[in-house]
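Worksheet for the structure shown next.
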Number of protein chains: 2
Amino acid sequence: MRYGYFDDASREYVIENPATPMSWVNYLGTAEYCGIISNNAAGYAFYQSAKTGRLLRFRFNSIPMDRPGRYIYLRDNEDGDYWSASWQPVGKPLTEYKSLCRHGLGYTVFTSEYRGISTHYRVFVPVDRPVEFWEVEITNHSDQVRDLSLFAYAEWCFWHMDQDLTNFQYILYTCRLGYEDGIIDYSIRLWPNQRPQGFMASILPVESFDTDRDEFIGRYRHEGNPYAVERGQCANSIAIGGNPCGALQNRLTLAPGEQRYALFIVGIGAAGKEGAECKKIYSDRRRVDAEFTKLQEYWAKRITKLTCHTPSVELNSMVNIWNQYQCHTTFNWSRSASFNEAGGRDGLGYRDTNQDILGVVHAIPAAVRDKLTALLKGQLSCGAALHSVQPLSWKQGRHNRPPEDQIYSDDHLWLLLSVPAYLKETGDLAYLEHIVAYADEGAASVYEHLKQALEFSWTKRGPHGLLLGLAADWNDCINLQGQGESIWSTFLYYKGLTEFITLAEYLGRTTDVAHFTSYRAQIKQSIDDYAWDGRWFLRGYLDSGRKLGGQESEQAKIFINAQTWAVLAGVAERERLLLAMDSLQELLATEYGILKNYPAYREHIREVGAITDFPPGLKENAAIFCHTNAWAVIAEALLGRGDRAFAYYLSYLPATKNDHAELYTMEPYVYAQFITGKEHPSKFGQARNSWLTGTAAWSFVAVTQYLLGIRAAYEGLIIDPVIPSEWDGFTVTREFRGRKLAIKVSNPDRVSQGVARLLLNGERLPGGLVPLAKMKEENLVEVVLGAQPVVL
Amino acid sequence: MRYGYFDDASREYVIENPATPMSWVNYLGTAEYCGIISNNAAGYAFYQSAKTGRLLRFRFNSIPMDRPGRYIYLRDNEDGDYWSASWQPVGKPLTEYKSLCRHGLGYTVFTSEYRGISTHYRVFVPVDRPVEFWEVEITNHSDQVRDLSLFAYAEWCFWHMDQDLTNFQYILYTCRLGYEDGIIDYSIRLWPNQRPQGFMASILPVESFDTDRDEFIGRYRHEGNPYAVERGQCANSIAIGGNPCGALQNRLTLAPGEQRYALFIVGIGAAGKEGAECKKIYSDRRRVDAEFTKLQEYWAKRITKLTCHTPSVELNSMVNIWNQYQCHTTFNWSRSASFNEAGGRDGLGYRDTNQDILGVVHAIPAAVRDKLTALLKGQLSCGAALHSVQPLSWKQGRHNRPPEDQIYSDDHLWLLLSVPAYLKETGDLAYLEHIVAYADEGAASVYEHLKQALEFSWTKRGPHGLLLGLAADWNDCINLQGQGESIWSTFLYYKGLTEFITLAEYLGRTTDVAHFTSYRAQIKQSIDDYAWDGRWFLRGYLDSGRKLGGQESEQAKIFINAQTWAVLAGVAERERLLLAMDSLQELLATEYGILKNYPAYREHIREVGAITDFPPGLKENAAIFCHTNAWAVIAEALLGRGDRAFAYYLSYLPATKNDHAELYTMEPYVYAQFITGKEHPSKFGQARNSWLTGTAAWSFVAVTQYLLGIRAAYEGLIIDPVIPSEWDGFTVTREFRGRKLAIKVSNPDRVSQGVARLLLNGERLPGGLVPLAKMKEENLVEVVLGAQPVVL
């Protein structure tokens, strides 16, 4: 069963059946103002901070689901019948009410048809003003004059979301609403002397208004049957205390065939100043259109730095539009605000943002540089990193030093992937000499920051010479504290050492090369001696010395990350890596993606940690954690097994779930955090926690850099596809350091890997690398795959 | 407009119109298990801790209001029509659906009549088992056989309420529901190795069940139209992760005139053990009846230690039933859990609980003694007190020492009221020698604890010799930090000194008497010199030395507490006190109660504090704070002005709001925290935050000890009524130290005060004191008021 389809030409996902199993949402806004909106117009908005700048309210995990939001009600004043411009909240029978929801890049459009009236309701946030536009076109398709009311409605949130949810002794006695000239003033006074302000304006004349939620909704009612709409008139209420809302009524008489345009503007600022200014400017509809055009250009610019055309329509939709869009969303908002992240967690997760960078560095390198600097300022002078960084409030000082037991074994090491990714993409080697403060004290060049990260981990090795797990590694729920060692973190360290050595070699810093090559060799020995379990890699050692993830374990014999990262980091010989990945396929791969571990934990094991308390098949306990699936795709591609790599990619790709959305439940156009595993008794294949997941960046890396095989290097662009053998080829366009490349790959021999021939602007090159030095402004790269590859 | 009435004979408040403006709630449970239930069966439950033991979920401040709860749905299987045993959540038109809600002491009963079927639905928590009974009697009044389904439904809460509201990455992946033999098992595993459990059992055979909320409710639906009820069948869902619920269907065929009894039991414990045990025991309805009888006895025992009969029916209802009941509720649950206190704040507020004790000490002195000891363990060795005490997790240690700036000027001083109240009520002077640990280090006798409290305040005096405000005084929102001084805290200190001196005198501890009498004299001098403003008392001095609350102020010229406590503490000569109280009447008294201050603050004044940021008329800024109104009643009674004292009492008494509930909005049977003040533009007279307020205890003290004038003293019982002069008399029954007294007061001269004649068991006594030494087991006290009082 499906609910919608991809309209790639419009860069939209179109939802035909609004009764989706979960809220299918979209993000509005760019840098400072963020709106989230579902396919039934539910959602919320915040300014700068999801935690302390919450403008519009949403009720998380509530009943009725998916409320409130940005609602437009219509009412026929002849008979009092009313409906909404999105199916919900009124929820007319779908036999009589027709609707489409189109989620686009930074905007959402709802169309409806009911009793001869159609509406076209578009919501978007302009690029550089903290407001949102609610545009409504109403058309009378009937043969009678229609007397209609239009009500725009949203609920204001107390700005601090944690207080909004619990502190009713305070939040209900703070607001001081006002109304003047068609504009609602949402004001509040917070101690000490903060006066955040919002407004809601109507361009058309206002027939009535409400600012008190209880007056608009009415007792024992809800957004589906608000009293004001049923009655056809708001109460002109002014909320001083209580729950504030914004509700504005327009009244329209439409002749047969007539169309009218209404606009509501909701945003940050004083009603009398920013509100009045917006009302004035945008009373000229062309100014709104211009903002929309600017928004489309904003997104087009971001997502067209890399495009592809392959035989897989699902891959194309994801890579060209949705995966990139999701990458920008995770880059902008980290893990702070979605429909399941309530926004109490502000700032940047250290490991999260380092990884999010990988998905956007090709598109917005300047923004990435700023974010990298923010992350480096979250590194401590000892080399470790804070688990979470708050760039808005960052201030150097020893107060930033976390207790010893809150240092993670992986956070700082992600810098060894994110910084090189930026350098390879941009060639901006000068950044390495940029001096950045540490979180606690002192400052050093970016290059020294990276070295310090590696040195820190070197001092944190355990009894087997592997990295200590410290507070935790990637998996927060596994207890590798005390003398526990993380084999996965060790692999990440190994990868980081290799990345650094490659960089140092490129820079000619031979002392550093030698120093860290020696580290790497010693780590390699420990891995050889203690990480292999015969058919796959162990996950780690517990504090007691007991193995985590081995053949003798009854529960969780095998973990995905220990296999994939062995390949990503190249910690062993090919034969061992192949065997590990074959074991992964045998024990972990399923039709809906690869399990995180198998078998699931069924008993509480205190020594192993909180992972053992999740029900089998959920979250960290044997679910399909999508983030880790991207690494399996990369690993198989690195091993040259394109068919298997692609099969893994498709297995968890949301676009492939489009036609069985009833099972998958979440959006088919963006990745979810996890898909329920096969050991769950009833929900195998059901996804949860969409949008804000590291899956976005890594899947984009996996498909573009390892399947399509086009990845930045210090010297130029590597082109080394690893594709399903049935493909006859594909094309890619890519911008790289200001040059444009059109890449055509053909696969006449139906192989998976092997560049047999590579022409740059007609010139044959010896390997799979297109050197920057040879690139013109615009380039044509012709690649032929074949059984006899050129040597890289 | 009214919604219900007091049925004192049944000790119930009866709600006839269920569409109350706010949820009108009741408390179920006694000591460990607490349930809260509204007049539409909404509400929640917790075990031991509202913060970490939350069993049933409620959505605070939500839309639709007042959901979910303990719902019983009925469905006619002939035509599929369905309704609920309480009006909401289905909310049938009140023209067709008749209902009553009876809130009683520890139980609530809903009756309904709809289409020939009547229900009698009673919910209660037994005295000593952590479960709740949902008893349903269904009667077929029609002349046809009726095929009915009954669905019982509640939503389980994640045990930790803060996580329940925000941590959806966790709470949705924890539950492991089960079902067997008519019992739903609500299990969960929390790290590390916690396994809280709940259950829901049906005594009648179960036709179908759900444990997954989304299956029962259905997408885009709500508790008013759940899918399972509409369909007539649950899905037998087992929730492993997701939102757990309990839903059990019974199917009943009723002949005309037939009545059936169904019982559901919800509670704490393992389904297979406690659940099965309950199901077995309570399959015998007589066992349920016995539990109900025990509950009634439990409450009767508590509220009949003092009864009265006066010419005021409102006073009688409140004193004999509701005020006492509310006092026990605040004593049990402090400020932790109501419909506006979400329960994130656990434990005992120091000042709150000391005051709550005053309302129950006559009824449950042993429990009060335990609570006093818990509070004394929250006192620091320096004499100050913690602002909040957690008896369940208390452990002595220096970790308990709060930062200097979090010590309040009043917290510890309340011990000087609560401990003497206990001693006077019980005569248990041995308690004074009981050794109790301090929160941080050391231990001392209770007597020394009290001295230490007085000594602490002595060291915290400011430039005028008045008490420093420290973190705050009673009013948390006024900034009296730095060199700021609280005149109110000084009055409390003065009262505390007097209480202690009285005690020390009674004990013959002359050194202490002399020592603290000297303190008091010095404090008196400072008050004389610096607290009086000419027509009323100032409220304090700000850090800058500026006066708070004086005639030259534009905002907040006068504060209620500074006037009432001047009288309560007796800090000045009668003339000055009368003038202060006359100023209060002139500037603060309104038809709905006495304002906290006047005029309201309209501008933000950083120096004055957060009070200035509330809108005028709300909360601390010029609202009618009911807690403070009780003190005004006492003050006028102490001055002998019975008419005015009684008028003040009536002005904020909830029972007097019964017939204009549309304006007042909250329950007419319990006190609310505040009533909106007259400077609010639209809600003057609207109450907020019912149930958990210090108003309960102090109003009970005011009416029983100062209006009716019967109060405990070390030597016996004082009888000194101050009543409205129109009263011809009243009667009281009172237990005191194991003796029973029937007190008959007559007022032939229509005076307000003055005991002209007092007979104890026929013996004329010289004053208004009935000495313990002269009391028999049962006593008749006859009092005649008159213009020529005997000398006390």
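Numbers restart at 1 for each chain; the letters A, B, ... are given by sequence-line order, proteins then strands. Excluded from the calculations below are hydrogen atoms, water molecules and symmetry mates; all remaining heavy atoms, backbone and side chain alike, are included.
Both the backbone and the side chain of A/Glu223 come within contact range of chain B, judged by heavy atoms closer than 4.5 Å. Neither the backbone nor the side chain of A/Asn225 comes within contact range of chain B; no heavy atoms are under 4.5 Å apart. When heavy atoms are compared at a cutoff of 4.5 Å, A/Ile605 approaches chain B solely by way of its backbone atoms N, CA, C and O. For A/Met22, the part lying under 4.5 angstrom from a heavy atom of chain B is the backbone only. For A/Pro18, the part lying under 4.5 angstrom from a heavy atom of chain B is the backbone only. Using a 4.5 Å cut-off between heavy atoms, A/Asn243 touches chain B through its side chain atoms alone. In this structure, no portion of A/Cys477 lies under 4.5 Å from any heavy atom of chain B. Both the backbone and the side chain of A/Pro21 come within less than 4.5 Å of a heavy atom of chain B. Of the two parts of B/Pro192, the backbone and the side chain both hold a non-hydrogen atom closer than 4.5 Å to a non-hydrogen atom of chain A.
The minimum heavy-atom distance between A/Gln169 and B/Asn340, with the atom names listed, is NE2-ND2, 3.5 Å. The two residues A/Ser62 and B/Ser62 come nearest to each other via the heavy atoms OG-OG, 4.2 Å. Summarising the geometry of B/Cys175 relative to A/Pro615, their closest heavy-atom pair is O-CG, 3.9 Å, with the distance given to 0.1 Å. Residue B/Ala19 comes nearest to A/Arg219 through the heavy atom pair O-NH1, 3.7 Å, listed as atom of the first residue, atom of the second, then distance. Among all heavy-atom pairs drawn from B/Asn61 and A/Ile171, the shortest one is ND2-CD1, 4.2 Å.
A donor-acceptor pair is defined here as one N or O able to donate and one able to accept, closer than 3.5 Å; no such pair exists between the side chain of A/Arg189 and the backbone of B/Ala610. Using modelled atom types, one side-chain atom of A/Tyr220 and one backbone atom of B/Thr20 make a donor-acceptor pair closer than 3.5 Å.
With rounding to the nearest 0.5 Å, the separation of CD1 in B/Ile63 from CZ in A/Arg67 is 10.0 Å.
Between A/Trp191 and B/His604, the ring planes are tilted. Angles from 30° to 60° get that label. Ring planes of B/Tyr173 and A/Phe674: perpendicular class, angle over 60° (limits at 30 and 60°).
Chosen from B/Asn689, B/Leu165, B/Ile188, the residue pairing most often with chain A at heavy-atom distances under 4.5 Å is B/Asn689. Your options are B/Arg176, B/Lys619, B/His222, and the one with the most heavy-atom pairs under 4.5 Å with chain A is B/Arg176. The greatest number of non-hydrogen atom pairs below 4.5 Å with chain B, out of A/Asp214, A/Ile240, A/Thr166, is found for A/Ile240. For the set B/Gly91, B/Ala623, B/Gly609, the count of heavy-atom pairs under 4.5 angstrom toward chain A peaks at B/Gly609. Put simply, of B/Asp162, B/Ile238, B/Asn167, B/Leu190, the one with the most heavy-atom pairs under 4.5 Å next to chain A is B/Leu190. Across A/Leu618, A/Ile217, A/Asp613, the residue that shares the most heavy-atom pairs under 4.5 angstrom with chain B is A/Asp613.
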